[in-house]
S.K.: 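One structure follows; several queries about it will come next.
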Amino acid sequence: MRRMLVTGGMGFIGSNFVRYWRERHPEDTVVNYDLLTYAGNRNNVADLEEGPRYRFVRGDIADARQVGQVLAEERIDTVVHFAAESHVDRSIAEPQSFVGTNVLGTQILLEAARRHGVARFVHISTDEVYGTLGPEGLFSESTPLAPNSPYSASKAGADLLARAYFETYRFPVMITRCSNNYGPYQFPEKLIPTVITRALRDQPVPVYGDGLNVRDWLHVHDHITAVERVIEAGIPGEVYNIGGSNERTNLQIVHRILQELGKPFSLIEFVPDRLGHDRRYAIDSAKIRSQLGWNPLYTFEEGIVQTVNWYVSHAEWWQSILDGTYRRIDQAGRGGQSG
Ligand code: NAD
Ligand code: DAU
C-alpha cells in the first residue's frame with residue numbers, strides 16, 4: 001500500500017489523477033498538497049473530501065518546512081509532482097512566479113523528498129521543454145531541450161534539477177513529458193475550454209495568428225494511466241514521453257468544437273499571435289508504449305465529444321470560475337488544512 005503525496009491535486013490534471021487513484025487504488029493513502037492558486041479549485045475533488053485515506057493540505061511546494069512536515073507526518077513513500085504555474089500566456093505576461101514555483105518549488109520538494117527517503121518521485125513535465133518542430137519529425141526522449149517560453153524554460157529548469165538529483169544522489173526520480181491534455185476540469189483559459197465556454201455563450205472565439213500551429217492532443221485520462229505505469233514500473237533516472245499521436249491545427253480543433261455545439265464558424269476571431277509561439281509539437285511515445293505497456297484509450301473523436309458534453313452539463317463549474325465565486329468557496333468556506 002502506497003502513501004502518496006500528490007502536488008497540484010486541485011488543478012486540472014492533478015484532480016483527475018487524484019480521483020482516478022482513489023477509485024483504482026482505494027487501499028493507498030493520498031495526500032493532496034496544493035496552494036490553491038487561481039488554477040486550483042477545491043470543487044474539483046469536493047466529493048472525495050469525506051472519504052478515508054484522503055487528506056487535503058493547503059500549502060506551497062516552496063515552503064520547505066511545511067513540505068517536510070507533511071512528508072514526515074504522513075510517512076510518504078511516493079511523490080507525484082503536478083504542481084506548477086502552467087499557462088504559457090501568463091508566463092509571457094508575468095514570468096517571475098513561474099521560476100518561483102516551477103524551478104525553486106521543485107528543487108525544494110526534491111530536497112525534502114530526498115531527505116525524507118521517498119522511494120519513488122515522478123516529476124510531471126511537458127513536451128514544451130523540447131521547443132518547436134518544423135513540419136516533419138517527432139520529439140523523442142533524446143531530443144535536446146530548447147524551451148522557448150518562460151513557462152517551458154522554467155519546466156526545463158525543473159527537469160534538469162530532477163535529473164541532477166538522480167545523477168548526484170541516486171534519488172529515484174522519473175520524468176514524464178506529455179503533450180497537450182484536454183478533458184473535464186480544465187481551467188477555462190486554455191484553448192479547448194476557452195472555445196467551448198465562449199461558443200456556448202455565443203462569444204467570439206480567439207484564434208492566435210493564422211491558427212495553423214499544431215498540437216498533439218491527449219485525453220487527460222490517458223495521461224493519468226501513463227503516469228500510473230511510470231509510478232508502478234518506471235525506471236529511476238529515466239524520461240518517458242507521453243502523447244496520443246493526435247496532431248491537429250488549432251483551427252481544426254476550433255472547427256470541430258463549433259460543429260459539435262452547432263455554432264457558426266463566424267464566431268472565430270483571428271487575434272494577434274502569441275509572442276514566440278511554438279509552431280508544432282508532436283510526441284514519439286514508443287518508449288513508454290514498448291517498455292511500460294501503456295496505450296491510450298480515447299480516440300480524439302471520442303474524447304472531444306465527451307469533453308464538450310462534460311462542459312455542457314457542468315456549466316455551474318465553469319461559470320463559478322468565470323465569475324470568480326470558486327475562489328470564495330476555496331478561501332472562506334473550506335480553506336486551510338483539513339485531515
Ligand atoms: P493547472 O494549472 O490546472 O494546475 C496546477 C495546480 O498546481 C493548481 O491546483 C495550483 O493551485 C497548484 N499550484 C500552483 N503553484 C503551487 C505551489 N507553489 N504549491 C502548491 N501547489 C501549487 O495545471 P495542469 O494543466 O493540471 O498541469 C499539471 C502539470 O502537468 C504541470 O506540471 C504542467 O506543467 C504539466 N503538463 C500539463 C499539460 C497540459 O496540457 N495541461 C501537458 C503536459 C504537462
Ligand atoms: O504541450 C503541453 C502544454 O500544453 C502544457 O505544458 C501546458 O501546461 C498547457 O497549457 C499547454 O500549452 P499550450 O500553450 O499548447 O496550450 P494552450 O491551450 O494555451 O494553447 C493551445 C494552442 O492554442 C496554442 O497554439 C495557442 C492557441 N490558442 C490558445 C488560446 C488560449 C489560441 O489560438 N487561442 C486561445 O485563446
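Atoms within each ligand, like the ligands themselves, are counted from 1 in listed order. Keep in mind that the numbers below use all heavy atoms, side chains included, and drop hydrogens, waters and symmetry copies. We count residues from 1, following the sequence as given. Everything numeric here is computed off the predicted structure, so don't read it as measured data.
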S.K.: Run down the list His277, Glu269, Arg280, Arg198 and name the one with the heavy atom closest to atom 24 (C) of ligand 2.
M.R.: His277

S.K.: Would Tyr151 count as a contact of ligand 1 if the rule is a heavy atom under 4.0 Å away?
M.R.: yes

S.K.: Are any of the N/O atoms on Phe12, whether in the backbone or the side chain, positioned under 3.5 angstrom from an N/O atom of ligand 1?
M.R.: yes

S.K.: I want to know if ligand 1 touches Asn180 in the polar sense, i.e. an N/O pair below 3.5 angstrom.
M.R.: no

S.K.: In terms of residue, atom name and distance, what is the protein heavy atom nearest to atom 44 (C) of ligand 1?
M.R.: Ser125 O, 3.1 Å

S.K.: Within less than 4.0 angstrom of ligand 1, does Ser97 place any heavy atom?
M.R.: no

S.K.: Under a 4.0 Å heavy-atom limit, does Leu191 contact ligand 2 with its side chain, its backbone, both, or neither?
M.R.: both

S.K.: Mark the output for Ser15 as yes if a heavy-atom distance to ligand 1 is under 4.0 Å, and as no if none is.
M.R.: no

S.K.: Which bit of Glu128 is near ligand 2, meaning a heavy atom under 4.0 Å away: side chain, backbone, both or neither?
M.R.: side chain

S.K.: Is there a polar contact between ligand 1 and Asn181, counting only N or O atoms under 3.5 Å apart?
M.R.: yes

S.K.: Does Lys287 count as lying over the ring of Tyr240, i.e. NZ or CZ under 6.0 Å from the six-ring centre, within 45 degrees of the axis?
M.R.: yes

S.K.: Is there at least one pair of N or O atoms, one from Thr126 and one from ligand 1, spaced under 3.5 Å apart?
M.R.: no

S.K.: Leu191 vs Arg215, test: side-chain contact (heavy atoms from CB on, under 4.5 Å). Steps then yes/no.
M.R.: CA-CA 11 Å; Leu191 177 68; Arg215 297 292 183 264; over 6 Å; no

S.K.: Answer yes when Arg177 and Glu128 have at least one side-chain N-carboxylate O distance shorter than 4.0 Å, and no when they do not.
M.R.: no

S.K.: Quick one: list whatever passes ring pair (Phe, Tyr, Trp, His ring centres under 6.0 Å) with Phe166, sequence neighbours left out.
M.R.: none

S.K.: Please work out whether any backbone atom (N, CA, C, O) or any side-chain heavy atom from C-beta onward of Val88 is under 4.0 Å from ligand 2, and answer side chain, backbone, both or neither.
M.R.: side chain

S.K.: So is Thr101 close enough to ligand 1, meaning a heavy atom under 4.0 angstrom away?
M.R.: yes

S.K.: Does any N/O atom on Asn41 come nearer than 3.5 Å to any N/O atom on ligand 1?
M.R.: no

S.K.: Cation-pi check, Arg274 to Tyr208: give yes when NZ or CZ is under 6.0 Å from the six-membered ring centre and within 45° of the ring axis, no otherwise.
M.R.: no

S.K.: Any atom of ligand 1 sitting under 4.0 Å from a heavy atom of Gly100?
M.R.: no

S.K.: Name the closest protein heavy atom to atom 11 (C) of ligand 2, giving the residue it belongs to and the distance to 0.1 Å.
M.R.: Asn180 ND2, 3.4 Å

S.K.: Tell me whether Cys178 has any N or O atom under 3.5 angstrom from an N or O of ligand 1.
M.R.: no

S.K.: N/O of Tyr281 under 3.5 Å from N/O of ligand 2, yes or no?
M.R.: no

S.K.: Name the option, out of Arg274, Lys155, Arg215, that contains the heavy atom nearest to atom 20 (O) of ligand 2.
M.R.: Arg274

S.K.: Between Arg280 and Asp216, does at least one N-O distance fall below 4.0 Å, as a salt bridge requires?
M.R.: no

S.K.: Say whether Phe82 and ligand 1 are in contact under the criterion: heavy-atom distance to a ligand atom below 4.0 Å.
M.R.: yes

S.K.: Students should be able to answer this: which protein heavy-atom is nearest to atom 10 (O) of ligand 2, and at what distance?
M.R.: Lys190 NZ, 3.0 Å

